[in-house]
Amino acid sequence: MHPIELIELMIVGGILFLILFVSIILKGKWKKSFRRLAIVYLVSFGIFYFIRPYWIDLQIERKEAYLTIYLEDQYPGETWEFSTVPHREDGYEHINPYVIGVVFNTEPKVEYDYFIGRKDDIMQTGYSTQNEIQSDLLHLEVFEE
């Protein structure tokens with residue numbers, strides 16, 4: 001379990017404990033209402049925790065479609081392959097799953113990283129090479145502010 005998940009569970013557990021503690025102190029219909037609130041809170045967190053990986057997968061697919069449109073516009077006639085973070089596997093929890101790697105067929109030893117915020121907010125955030133020094137990058141996008 002990743003430390004972030006542990007912190008999430010501790011926060012959820014703390015809030016749940018607080019709701020249950022308040023329900024013990026209260027009487028009558030308030031006690032019943034707070035216990036129902038605790039159940040709703042626990043079930044909603046369980047649903048969120050179960051649905052989240054599927055939601056991330058859906059977001060990545062949508063962002064890959066946006067990136068495909070962007071790359072077809074920027075580099076017509078080029079072909080490429082995407083690589084994404086296997087966010088469901090252990091050891092990859094600390095890596096942003098929304099950064100998509102692109103390897104162009106004309107430059108197979110370089111992987112460019114793209115971050116897609118929204119449909120028209122696509123930015124190249126970096127690159128990595130198999131060689132130590134690579135000076136003639138064909139697809140490097142330099143943004144000036």
Side-chain angles (χ1 to χ4, degrees), residues 1-131 134 137-143 145:
M1 182 175 287
H2 193 264
I4 292 174
E5 291 175 346
L6 188 61
I7 292 170
E8 288 173 353
L9 289 174
M10 288 172 56
I11 291 171
V12 167
I15 294 172
L16 184 63
F17 177 76
L18 183 67
I19 293 171
L20 290 174
F21 182 73
V22 170
S23 77
I24 290 171
I25 293 173
L26 297 175
K27 303 274 186 215
K29 71 175 184 176
W30 289 106
K31 182 176 200 164
K32 202 177 215 181
S33 295
F34 268 80
R35 291 210 173 146
R36 285 186 182 148
L37 177 65
I39 291 170
V40 167
Y41 179 73
L42 188 61
V43 168
S44 63
F45 176 74
I47 290 171
F48 169 76
Y49 202 71
F50 178 75
I51 298 283
R52 188 164 81 181
Y54 299 105
W55 177 256
I56 291 172
D57 288 342
L58 183 67
Q59 295 296 313
I60 290 171
E61 286 178 28
R62 192 178 74 193
K63 290 175 188 283
E64 279 182 353
Y66 293 155
L67 185 56
T68 299
I69 293 168
Y70 174 80
L71 292 175
E72 286 173 350
D73 195 35
Q74 291 283 55
Y75 307 106
E78 287 274 353
T79 55
W80 54 80
E81 292 181 19
F82 293 129
S83 65
T84 57
V85 175
H87 64 93
R88 293 183 184 207
E89 296 178 17
D90 288 336
Y92 293 96
E93 294 92 352
H94 66 286
I95 300 174
N96 186 352
Y98 298 114
V99 174
I100 299 173
V102 178
V103 177
F104 292 93
N105 287 348
T106 56
E107 231 176 346
K109 294 185 178 186
V110 182
E111 180 180 69
Y112 295 93
D113 296 327
Y114 285 87
F115 178 78
I116 300 95
R118 285 183 231 103
K119 186 176 185 177
D120 31 340
D121 183 21
I122 299 173
M123 199 165 67
Q124 190 181 79
T125 57
Y127 67 92
S128 59
T129 63
Q130 293 176 359
N131 300 337
Q134 189 82 20
L137 298 172
L138 301 174
H139 302 95
L140 183 63
E141 298 174 9
V142 180
F143 294 100
E145 293 184 30

Between [atom1] on residue [X] and [atom2] on residue [Y], distance to nearest 0.5 Å:
X	Y	atom1	atom2	result
Tyr41	Leu18	OH	CG	10.0 Å
Phe21	Leu16	CZ	CG	14.0 Å
Ile51	Ile56	CD1	CD1	12.0 Å
Leu37	Lys32	CG	NZ	15.0 Å

Ring-ring centroid check Tyr49 Phe45, cutoff 6.0 Å: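 Ring-ring flag for Tyr49/Phe45: true, centres closer than 6.0 Å.
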Pairwise salt bridge (charged side-chain N to carboxylate O under 4.0 Å, His left out) hits with a residue in residues 37-60, at least two apart: Glu8-Arg52, Asp57-Arg88
Pairs touching residues 61-86 that satisfy salt bridge (charged side-chain N to carboxylate O under 4.0 Å, His left out), sequence neighbours left out: none
Less than 4.5 Å apart, any side-chain heavy atom of [X] and any of [Y]?
X	Y	value
Val102	Leu71	yes
Asp121	Ile116	no
Tyr66	Ile122	yes
Phe48	Val12	no
Pro97	Ile60	yes

Shortest non-hydrogen contact between [X] and [Y], atoms and distance:
X	Y	answer
Leu20	Ala38	CD2-CB, 3.7 Å
Asn96	Val85	O-CG2, 3.6 Å
Phe82	Ile100	CD2-CG2, 3.8 Å
Ser83	Glu111	OG-OE2, 2.5 Å
Ile19	Phe34	CG2-O, 3.3 Å

Check: Thr125/Asp113 side-chain N/O donor and acceptor closer than 3.5 Å: no
No-hydrogen, no-angle side-chain donor-acceptor test under 3.5 Å, Tyr114 and Gln124: yes
Residue among Val40, Ile24, Leu26 satisfying side chain to side chain contact (heavy atoms under 4.5 Å, CB included) with Arg35: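 Among the candidates, only Ile24 passes.
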Mutual orientation of the aromatic rings belonging to Phe104 and Tyr75 [parallel < 30°, tilted 30-60°, perpendicular > 60°]: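 Ring orientation, 0 to 90° scale: perpendicular.
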